[in-house]
Structures are given as C-alpha cells and as structure tokens.
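Throughout, protein chains are lettered first and strands after them, A, B, ... in sequence-line order, and every chain is numbered starting at 1.
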Amino acid sequence: MTPVSSKKTPFTFDSIEPESGLKAALGKSRADIIAEISASNLRGRGGAGFPTGTKWNLAAAAKVPPGGRKFVVCNADEGEPGTFKDRVILTEYADLVFEGMTIAGLAIGAADGILYLRGEYLYLRPHLEGVLARRRAANLLGKNVAGRDGFDFDIRIQMGSGAYVCGEETALIESLEGNRGEPRNRPPFPVDTGFDGQPTVVNNVETLAWVACILARSGQWFKSAGTAKSAGFKLFSVSGDCTAPGVYEFPLGVTVQELLDKVGGSGAKAVQIGGASGHCIPASEFSRRIAFEDIATGGSIIVFGPGRDMLTVAKNFMEFFVEESCGQCTPCRAGNARLLEGIEMLERGECSMAYLRELLGLCETMQVASKCGLGQSSPNAFMSILKHFRDEIMGRTAVAH
Amino acid sequence: MSAEIRQDVVGDTSRAPVSQIPKLGKKATGEAAGYIGGQVSATIDGHELKVPLGTTILEAAKSMGIRIPTLCHHPDLCVAGVCRVCVVEVEGQRTLQAACAYPITAPIKVYTHTQKVRRARRHVVDLLLSEHYGECYTCVRNNNCELQSLAKEFGVDFFRFGHVTEPRFEIDSSSYSVIRDPNKCVLCRRCVRTCIDVQEVGALEASGRSIGTRISTYLDKPLGEVVCINCGQCINRCPTGALHAKDASDDVWRAIEDPTKHVVIQTAPSPRAGIGECFGLPPGVPMTFQMNTALRLAGFDKVFDTNFSADLTIIEEGTELLLRLYKALVAKEPVAFPQFTSCSPGWVKFLEHFYPEYIPNLSSAKSPQQMFGAVIKTYYAQKTGIDPKDIVTVALMPCSAKKFECNRPEMDASGFKDVDYGLTTRELAQMIKEAGIHLPDMPKSDFDDPFGTRTGSGVIFGAMGGVMEAALRTVLELVTGKKVENLFENANIVPVRGFDGVRYVELPVTEVSPTVEPLIAHLVPNWDFLKGVTLKLAVAHGTANAKKVLEDIKAGGPFSKCHFIEFMACPGGCLGGGGQPIPTSPEIRAARAKAIYDEDAASEVRKSHENPAVVELYREFLTDGPCGHVSHRLLHTHYTPRGKYID
Ligand SMILES: Cc1cc2nc3c(=O)[nH]c(=O)nc-3n(C[C@H](O)[C@H](O)[C@H](O)COP(=O)(O)O)c2cc1C
Ligand code: SF4
Ligand code: SF4
Ligand code: SF4
Ligand code: SF4
Ligand code: FES
C-alpha cells in the first residue's frame, strides 16, 4: 500500500484564476462571504463533513475575550492511513490554500493563520515558506491585505508532532499550544474556545482550497456538482490493489464501482473507504455512493484485491489504533487493545461466538462513549469486515498448538 | 484594633489553567451564573429544572437528587472527562456525553440510565478491570475504593474482558511518604491534576500513549528522587489503592509490644477533626478525648497533645519575628523579610526545590512535631528518668510529608531520632480498628501531663490562617500589653481565617506596651520601634497559591512588603492534609475546620504564651529563653537548597 502521489485526473483547481477568489472576497462584506460559502453547501473535507458556512458563522459571531483575537488554522496533519491528497494540494496548489485561509480570516475577523503541517511533510516547508514570502511581498498577506484597509492577516507554519490523533482539531490545538496532543472535551468547541482559548476555525487543507474556488466562481456553481446533500468535488487518495493508484477528483456521489473502474481496481474484493477509521465495503455493495449521505470519507480509498485475507486487514487497522490511541479515555485505550486481542483469538480460531458478541457490544460502546472521533470510529473497520466477511473469518479452523 | 483584609492585593486565585475552563463556566456556581447571567432549562429523566447557564449535566442532575456515577471527576479539580463512567444520553446527539464535562448552554433533554448508557458504563468498568491488577482484600483502599464501589454498583459478577492476574509494574516505594502501585491505577489522572493544578509541583505527569499510558515522574525516576514535596494531596484524591502513604503502623505496633520501650504519642489537632470519618461519622465530629482513651487501650504509654509544641513553636517563631523586626527597624541590619512559617514540611520542601533563594526567609523554628520529639527525648526523659534510647516517639499527623520530615537527617538534636514514626490519621484509624475498638463508643479521657493542657492556639494550627492567628494572639499581647480579647472579639482574629487561597491583611499597631515581658526582656529593650508600624500579613494555602505569592515577592509586589506569611502546603491547611481520611472535598474540609474552631473556643487557654507547660519548660529547661542557645540547638533547624532539576 505505498501511497503514490501523482495526480491522475485534471483538478478543477487548475481552472481557477489565481487570486480571483480573494479578490471577490475583498469586494464583499464578511456576512456576504459566509453567505456565499453557505450557499455552496460546502462541507468539511477533513472527514467529519461539518458545513463550513455554519462553522464560520459560529466563529464570526463568537465573542472575543478582552485583548483576545481569533485564529484560522489549516489542518495539514493528514495522518489517516492511505491519505495523501493534502500533500498534493500543498505541493501544487499552496496559493489556493493560503488564499482560502485569508478569505477565512477576512470572514471571521481573524488576523492570524496557522498551518499545522504534518511532521513527515517537513520537506515541504521551504516550498511553503517561499510561497508565503511571495504572498507577503505581493501584499496578499500582511497589513491591509491587497489594499483592504484594516484587514491584516498573516500565516505561520507550525510542524506537527507525528501522532495521528493530532489531526483531531482539539488535539491539534493542544499540540499548537505546546501540550500533549490529547483531544479536549467538546463543548466548548474551537469556534468558541480554541487556540489560546480564542475563537478558532479549523479547516482541512482541501476545504480551504475549495473556499477559494467558491469565491472565484460562486456557491451556485459549486452546488451544481455532486448530490443534493453532498455538494461539489472531492479529491480521493487511492491506494492498494489497483493498477493506477494516485489522487483523483470526482464529484461527490460517485459510486464505488465507477471509482474502481477509473483506478484499475475492477476485480476488487473489498474497498476501505475513509481510511482506518472508515468502513470496509464488499463487492456486493460497490453500487453505493461516496457521499455524506451514504459512505463518507475524508478522501482515503484503499482497494483490496481478491487475494487479501480480510482478518489480517482488520488486524492491521486495529494495530494502528492500538498504536495511535492517545490513551486518555477508557473505551478507546482499553477497548482497542481488547479488540486486537479478540482478532488474535479469531486468528487462532479460539474466539467463541459468545465472546465475539461481547466484543461487538464493546464496539458499539466505543462508538458512542469514546471521548473523540478516533475511539468513536476505531471499531468501524473491524465491525464492517466482520459483518461482510463473517464466513471467511469464522471459517478459519482452529490452529493446533 | 481593626485588621483590614485587602482583597485587591490578592487578585484571582482560581487555579484551573485557562484553556481548561470551558468558556461558559466550569462550575454550577453563582459565579458561572453571574458570568453569563442566564438560566437554562434542563430536563433530566423527565424532570425539568432551570439551572445557571454553564452548569454541567452532572451538577444539574445532582441538584435534582439524580446520581450519576463518576470516577475521574473530583470536586477540587478541573474537568478531565477521561474515564467515561459518567456518560449520559443527550437527545439529538449520536454519541453519549460525559456528564461531568458537558456544560448546559441551551435547553437540553438528558437520560441518565437508558439501556445504552447502562451498557456503556458497565463496559467502561469491565475495561478498567481488564487492566487492573489488585486483590481488594489485601488493598489499603478495601471498602473505600471508587473502582470497587463502581464494580459493585454495576453488578459486575465476572471479568467480561479478562483480568490481569500477575502484577505488571513495580511498586515505587522510594519515597518516605507516598507509595505508587501502578498496577492499581485507572489512569483517571486525578493525581496529575492535583499535582499540577492544585499544587503546581508537577511531579506527576501522564506519559506514553494508548495502552502504554502511565502516570510517571520526570524521566521515570523513583518518586523519592524527584521534586515531589510529599504533601500527599494526590493520595487524597486517588480513587483507588494506586497511591497510598507509607504505612508505619507495623513499626509502631512492634514498639508498643516491646516491653523495654516507652512509647509516647503526640496527636496533632487535625486528625481529631477527621478520624471520625474513618468510623462512619460525618465530617467535623471531634474525637479528641475518645481518641485519648483508645490510644491508651491500644497500648501507648503516654498520650500528649501536639498543641503543647505548637505553642512552643509560636513562642520561638514569634520571638524570631520580633527579633527580625527589631533588627530591621532599630539595628538597621539586613534581615530577610517577610518571614515565612516553617511548620508545613510539604511547603518547606516546595521552597527548597523551587525557591531555594528564599530559604533565609523561612523561620528557623522547627515544626511542632519535631520540637515535641526533641523535648520528649531531652526534657521529658530527664524529668521522668527514662533513658531516651528507650523512648519511642510517635506523631499522629494529618500529613504524609511529616513522615519525610521526621526522617530528615538533621532531625536528631536530642542525640536520637527526635521523632521515630509519623502516623497518618488513616493509619491510626486502622490501628484502632485492629485493636478491636470502635472509636465513637470510647469514653472520653484527657491528655497526659505534663504536655496535656488544652490550648486553643495550638488547635487552630490545623486550619488555614491558624498559625498566623496563634502567632498574632501572642505577639499582639506582648507588644501592646493588652488582652487580645480587648482587641478582637473573643480573641477570634477572624480576618486571617477562611478558605480563599490567599489572604492579605494589614494590622496597624497604634499603641505599644511600656514594658517588655520578662521572657524576652533580654532581647528587646522596649516596643517603641513598633509604634505606628502597620503589620502586613498574609496567609496562603496550597502550594499553587504559595507560588503566586512567591512570584509576587520576586516581582517586588505587595507581598514583598509583608512582614510575616503563613504558608501551608495543603489546601485548607492541615485539616486537608495528605494523611487525612479519604475522600476530601471543600465541604468536608469546611466541616473539619468548624470542629477545630469549636475546640479552640472551648479551650481553657487560648494563647500560646499562657500555656503553663510551655511557661514551665522555659523556667526549668530552656532557661536562656526563646531563641536562646538551648532552644537553638533543640528547637531550631536549617534547610537544604534542592533546586528544581534533579539529576
Ligand atoms: C483521529 C482524528 C484524526 C483527524 N485527522 C485529520 C487530519 O489529518 N486532517 C484533517 O483535516 N482533519 C482531521 N480530522 C478531522 C478534524 O478533527 C476536523 O474535523 C477537521 O480538521 C475540520 O476541518 P473540515 O471541516 O474542513 O473538514 C481528524 C479527526 C480525528 C477524530
Ligand atoms: S477516543 Fe482515543 S484518541 Fe480520543 S481521547 Fe479517547 S483515548 Fe484519546
Ligand atoms: S484499588 Fe480498589 S479495586 Fe483495586 S484492589 Fe484495591 S480496593 Fe480492590
Ligand atoms: S505528594 Fe504532592 S508533590 Fe508529591 S506527587 Fe503527590 S501531589 Fe505531587
Ligand atoms: S494513581 Fe490514582 S489518581 Fe493517579 S491516575 Fe492512577 S488511579 Fe488516578
Ligand atoms: S467522571 Fe466524567 S468522564 Fe470521568
């Protein structure tokens, strides 16, 4: 599953005139910018799919404590296994992302932007700093941005610490503040109490790039692609057993089969949609749509060919979570460890049906009682693999030992 | 005489780190309500009520009499929301919510025990047990353990997800005071929050991730080798047996059973106000005289009152203060001001680690515990003709740091270890139970002579501001020549009392006595130098508050102008000490404080310098008076700069 970063389809981004989004935004009131985003029905591209316009409205309305200020944070932690589309965006469309951040700053009334960059992407930093310097020189950042009086905005880059959980927005904020990257209790949400206790918008790299496109074209234009509930285009990082892994753009609502046909994975046995925290879809369900109303994803698509052992697949994902749980809350810390032990029992043919039922009950508890999205979604892969490949898994004979 | 409390000087002494105070108020207090100024409707299990905006679901439910189980929540600590035992269903939300961490900011419908909720809670406990190694019947927290109670409450009858059958971690018993058994730890982090937020020591931290998460120390060193100040506040807030004090009761039993040993026990004021809790009594029922009987029944040869040496401390420390003032104001010698109290060994070690440059400000007077030990093995030994080598001194203290203190190498002024063993309130309760005694049923009896006079000034050492008040009662009488009763109603110097983290009080000395008491007449010629001086005094409890005061002093703020500051390591003072019964909470500490002030009010002698045993000691033994040569050898000590960085 080596990720391949190459761009496999044309991206809509290519057709956007540079800085036209920012220019359009500078000509609008703050409320109108947010209204345009809301009209586009853009939902977050980082995984959770929260409506971006709503998030910005909350942040714009949030009261700043005396002496405080608001922040825009771009989440470039991209830690979900099988995801690399943000890396491609940052490599090829960094201006678009910074443009989107600047628009966000204008819309919510923030003067500071922070790009939280995944530790492994350190090599991108010189390039990104170069882009920022160029933007500063062109007055696209700094004081009175692009001549708009009173609108000051600048962006700095902070490197991530390497833990997957730091992509969760409140853990990211803790990490930005120099603390252990552990998720906070929510509420309060970052739009109210974020970085440094100040109202903060956290958006995914891709979300911010689309923001710039939407301002350049229109909310209506964006909404005309995709489905009724899932507007617009989406980038997908495709890896695994297919002939043409890479980054693809499709409108949301594309079926799994359409996608597989494009990536050379037609004979697949199953597809993992949404990375380790996503769901595993068997061939019988390939007609389902990749969209918020059906199978949502932050962009990771992993194809499993006919030869894959699905229990091993489940085990790999579970090992990932046992490694990556921050260890703060009980259901996730101990739950993932128990699930992994369960998978190992299944491997040995030693797991009774009764215990398997207990484990599935535990999965449901983890989904509802864990403190953050990591623990809430960590059982997904195991549950869906067990659901769809039960015969394969339970058919294993006990290994004598 | 009027003392003025200066709230403006104190500022904000709330402790939670800003980022962790949810914007809409972390507590259902009037404060949170005042902040937002509104009420919001909460419907919990079908019952509706209005609560101040920002009230947590847990608090709202509590106010309606609905109990939600908790584990990582503690009334003294900021919210963690990590154990997930308290989850509830909130209408319209896919996931369950942690009741302890969820502030109500809009009308809400909550269900506290649906099937989904009950199963999740049960699973959480099952998971905790799957990681837990410990046998309840060999555990110090048997019958007083929150994990055990939860297991019982949820009807756990088997280990659903397995059970650890062998210890996985070594027990850390390197400290004189606090033992850590990570096998029993449920990672609730109450200890970490205590050490960081309440005490601002930061000896404990969470390290590792996922199943590798541990509570550890700097570089994983043994607790006895890091900046831990032995306050035991973490023990008091640990829900399980993962943290406990180093138990001295076996040693004490051995001494009692050794016919060649004369075993005396001194009992500090705070344990009396707390020990009843170990016998099922509500907090704040004093057990002073029942305890005396029980101690004799258990086999102690003499039962003395630490109040005696508390009074002695006041004389020594008060004299030291007057001498510093004299030197500064008359002799114009450089002296370290403010003078800091030194009777809390947790505070002393805190200063030695974090502010060693202020060691000269610490009173050189030993703590009451150590003064008593030194007096027993010298004066008392002489008086009774018992060879000091055959005397075993035991100290009943509300404190775990006292165990460290009695083992400090310099504490051997008598030629022997001045105090052999420190017992906590909890350990003594255990010993009394072992002796087959139900404490509340005991008839009352008095302390033994010669150190048994009941003085109120010693008793209030247990409460925050107590040392200050006791010192003032003596200093003011000496200096003004007036009875304190004529200066403050019933001699209650109320301005220095209370539970706020820091107090700052100004006390103008408008008139002075024409004569100097014979006891100290050789030290100061007259009191004229104090006439017109406004004494600036402060009280701080909890080392987080101590830190605030010290930082202010460093910055040359108002506290740097103080003359005398009482510091206590523990929130609420000794009655909230790390050796007191578990659990603890603001309400429990307030109840204990009341018991202490009641005992003070009922005392025959309420001023240290009027304690007849103290007067006699100076007449017979410490003949060169307070801060004289003998007293310096026996009753004063020195300190060790330790620094923050331990290698
Ligand atoms: C465990 C975990 C990891 C996450 N990692 C990322 C990530 O790497 N990048 C990202 O944009 N969002 C990540 N998210 C989602 C963020 O919490 C957040 O929802 C997102 O950054 C919001 O931006 P959006 O609304 O633009 O999607 C993660 C969430 C969880 C629970
Ligand atoms: S769910 Fe997992 S990652 Fe999230 S807070 Fe809990 S332990 Fe940490
Ligand atoms: S910590 Fe609690 S549950 Fe564990 S052995 Fe001790 S009493 Fe039992
Ligand atoms: S005894 Fe006090 S200083 Fe030591 S770890 Fe516990 S809370 Fe921290
Ligand atoms: S030692 Fe005690 S207080 Fe600290 S995390 Fe463990 S169980 Fe909680
Ligand atoms: S008590 Fe609420 S999460 Fe622990």
Region of A:Gln328 that comes under 4.5 Å of a non-hydrogen atom in chain B: both
What residue in A:Glu358, A:Glu323, A:Glu182, A:Arg186 has the most heavy-atom pairs under 4.5 Å with chain B? A:Glu358
Which atom pair, heavy atoms only, marks the closest approach of A:Ala337 to B:Ile211? CB-CG2, 3.5 Å
Contact part of B:Arg122 toward chain A, heavy-atom cut-off under 4.5 Å: side chain, backbone, both or neither? neither
What residue, out of B:Gly162, B:Gly212, B:Cys72, B:Ser130, has the most heavy-atom pairs lying under 4.5 Å from chain A? B:Ser130
What heavy-atom pair brings B:Gly81 and A:Asn185 nearest, and what distance separates the two atoms? CA-OD1, 3.7 Å
Go through the atoms of B:Ala206 and report whether side chain, backbone, both or neither lie under 4.5 Å from a heavy atom of chain A. both
Just do the side chain to side chain contact (heavy atoms under 4.5 Å, CB included) check on B:Val87 and A:Val368 with the steps written out, would you? CA-CA 9 Å; B:Val87 288; A:Val368 294; over 6 Å; no
Identify the two heavy atoms, one from A:Ala369 and one from B:Ala120, that lie closest to each other, and give their separation to 0.1 Å. CB-CB, 4.2 Å
Might you point out which heavy atoms bring A:Lys371 and B:Val82 nearest each other, and give the distance in Å? NZ-CG1, 4.0 Å
B:Arg84 side chain vs A:Thr330 backbone, donor-acceptor pair below 3.5 Å: no
Taking atom NZ as the centre, does B:Lys116 end up with more than 12 heavy-atom neighbours from other residues, nucleotides or ligands that are less than 6.0 angstrom away? yes
Closest non-hydrogen atom pair, A:Gly327 against B:Thr213: CA-OG1, 3.5 Å
Return each pair, listed once, that meets ring pair (Phe, Tyr, Trp, His ring centres under 6.0 Å) where at least one residue sits in residues 93-126 of chain B; pairs must be two or more places apart or across chains. B:His123-B:Phe161
Are A:Arg180 and B:Glu205 within salt-bridge range, i.e. N to O under 4.0 Å? no
Partners meeting side-chain contact (heavy atoms from CB on, under 4.5 Å) with B:Arg209 (sequence neighbours left out): A:Ala163, A:Glu324
Could you tell me whether the side chain of B:Ser210 and the main chain of A:Val322 form a donor-acceptor pair under 3.5 Å? yes
Top residue by heavy-atom pair count (under 4.5 Å) with chain A, among B:Asp126, B:Leu96, B:Val186, B:Leu128? B:Leu96
Bottom line for A:Arg338: the part with an atom under 4.5 Å from chain B's heavy atoms is side chain
Applying a strict 4.5 Å limit to non-hydrogen atoms, the region of A:Phe321 in contact with chain B is backbone
